[in-house]
Amino acid sequence: MKTKIFGGKKITIKKLSKKDLRNAKEFQDFINSLIEEKAQILLNKKLSLKEEKEWLKRRLGQIKNQKTVFLLAECDNKIIGTTGIDLGRGRENHVGNFGITIRNGYRGIGLGKHLMKEILKLAKKELQPKPKIIRLSVFSTNKPAIGLYKKYGFKKAARIPKQLQDKGKLLDEIIMLLEL
Ligand SMILES: CC(C)(COP(=O)(O)OP(=O)(O)OC[C@H]1O[C@@H](n2cnc3c(N)ncnc32)[C@H](O)[C@@H]1OP(=O)(O)O)[C@@H](O)C(=O)NCCC(=O)NCCS
């Protein structure tokens, strides 16, 4: 667990652990806040507490099996950011699938950059087998996210037309890769 200051706010970063099962409500509140603001993430329907608990249990199982690494950022006992990398299965198990979300009100203060650096470090250290490629998917209009990913050396590998729904439009999906 590490505490750092971002934009004048004291933020704690830690690995997801079994203890967090008790905080399922906090996780539910976090993800639903992003769904409510219609952030450019895949989910578009609020999650129930039961669904959130199941998601947490699944994640913890994957962490135990060294197939997932996952970090969360907290401020004033509220979850304000999460990031994870999940290994693919079978012939894709050299590929780590990356995701990141920061709560509205905590963006643009360097937290995304920090979490990205930390999760890449953790993935190299803890995932088995070690990933050779990190892959992500992003909405073509998500400038802050694409800016962050380019900064870390991700390269655009594909643009798939009309894959993602956003406010009544069909946007292109961008696939980006980072070779480790
Ligand atoms: C995308 C996201 C993770 C970026 O995290 P963040 O903490 O806001 O980003 P940081 O403050 O660390 O900034 C990192 C870089 O992102 C880019 N960036 C951040 N905000 C930006 C903005 N408003 N416009 C353009 N680029 C921006 C910049 O390249 C920035 O680097 P710099 O500060 O050196 O210029 C965050 O905005 C977020 O979670 N958004 C909602 C959910 C989402 O879109 N997730 C990604 C799904 S693929």
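Ligands are counted one by one from 1 in listed order, and the atoms in each one are counted from 1 as well.
Taking the ring centroids of Trp55 and Phe70, they lie under the 6.0 Å cut-off.
By the side chain to side chain contact (heavy atoms under 4.5 Å, CB included) test, Lys15 is found to be paired with Leu71, Leu122, Glu126, residues two or more places apart in sequence or in another chain being considered. Taking Lys130 as the reference, nothing meets the side chain to side chain contact (heavy atoms under 4.5 Å, CB included) condition, with sequence neighbours excluded.
Using a 4.0 Å heavy-atom criterion, the residues that approach ligand 1 are Gln40, Ile100, Thr101, Ile102, Arg107, Gly108, Ile109, Gly110, Leu111, Gly112, Lys113, Ser137, Val138, Asn142, Pro144, Ala145, Gly147, Leu148, Tyr149, Lys151.
Here Glu54 pairs with Lys50 in a salt bridge; the nearest charged N to carboxylate O distance falls below 4.0 Å. The pair Lys9-Asp76 does not count as a salt bridge, with every side-chain nitrogen at least 4.0 angstrom from each carboxylate oxygen.
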Show every donor-acceptor pair shorter than 3.5 Å between a side-chain atom in residues 132-148 and any protein atom, with sequence neighbours excluded, or say none if there are none.
residue: Ser137; atom: OG; partner: Glu173; partner atom: OE2; Å: 2.6
residue: Ser140; atom: OG; partner: Asp172; partner atom: O; Å: 3.2
residue: Thr141; atom: OG1; partner: Gln40; partner atom: NE2; Å: 2.8
residue: Asn142; atom: OD1; partner: Ala145; partner atom: N; Å: 3.3

